[in-house]
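Quick notes on the structure that follows.
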Amino acid sequence: MGFSFDRREFGFVAPDPSCATRGSTPRGVVSVAQCLIVKGAEDAVNKSFAFEVSTERDTMYYIADMEKEKEDWINSIRRSIVQRSRSVTKSKVLDYDSRR
């Protein structure tokens, strides 16, 4: 697919969706902590098996080789976002009962 993913970060291919191809070289890294939206983007980029990852500042587009691969990437990134948000929430939870 042209980018790597290790549950904490992944590389983005091209800032302009019209430049994205399956063989594009990653141009940077996105932290899962910055991700807000992950969804299919075939209509946005007019390419099959495309999906987007949006942060507060940017939207990056990716192109998978097949539908299952696209869905696997979307689901993996979403799971990582949820896992990260749970770990952040747990670290900020206060035990109010212990104050008594």
*asked:* I need the minimum non-hydrogen distance between Gly40 and Ile74, along with the two atoms involved.
replied: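 In terms of heavy atoms, the two residues are closest at N-CD1, 3.8 Å.
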*Where Val38 and Ile81 come nearest, the two heavy atoms and their spacing*: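 Val38 and Ile81 have their closest heavy atoms at CG2-CD1, 3.8 Å.
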From [X] [atom1] over to [Y] [atom2], what is the distance, rounded to the nearest 0.5 angstrom?
X     : Y     : atom1 : atom2 : result
Ser48 : Asp65 : OG    : CG    : 11.5 Å
Ile77 : Tyr62 : CD1   : OH    : 6.5 Å
Glu69 : Phe49 : CD    : CZ    : 9.5 Å

_side-chain hydrogen bond (donor to acceptor under 3.5 Å, both in side chains) involving Ser54 - partner list, sequence neighbours excluded_ =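 Partners of Ser54 under the side-chain hydrogen bond (donor to acceptor under 3.5 Å, both in side chains) test: Glu52, Thr59.
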*Can you find a pair of side-chain heavy atoms, one from Thr55 and one from Met60, that are under 4.5 Å apart?*
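Yes, at least one pair of side-chain atoms sits under 4.5 Å.
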*Given side chains that start at C-beta, do those of Ile63 and Phe51 come closer than 4.5 Å, heavy atoms only?*
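When only atoms from C-beta onward are counted, Phe51 and Ile63 do not touch, as no gap falls below 4.5 Å.
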*Evaluate side chain to side chain contact (heavy atoms under 4.5 Å, CB included) for Ile37 paired with Val53, printing each intermediate quantity in order.*
CA-CA 6 Å; Ile37 299 170; Val53 178; over 6 Å; no
*Is the backbone of Glu67 close enough, under 3.5 Å, to the side chain of Glu71 for a donor and an acceptor to pair up by distance?*
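Looks like no, no N/O pair under 3.5 Å.
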*asked:* Enumerate the salt bridge (Lys or Arg N to Asp or Glu O under 4.0 Å) contacts for residues 31-46, please, sequence neighbours excluded, ordered by first and then second residue.
replied: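 Applying salt bridge (Lys or Arg N to Asp or Glu O under 4.0 Å) to every pair that reaches into residues 31-46, excluding sequence neighbours, yields Glu42-Lys70.
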_Going by the rule salt bridge (Lys or Arg N to Asp or Glu O under 4.0 Å), which residues pair with Asp58 if we only count those two or more places apart in sequence or in a different chain?_
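By the salt bridge (Lys or Arg N to Asp or Glu O under 4.0 Å) rule, Asp58 matches no residue at all.
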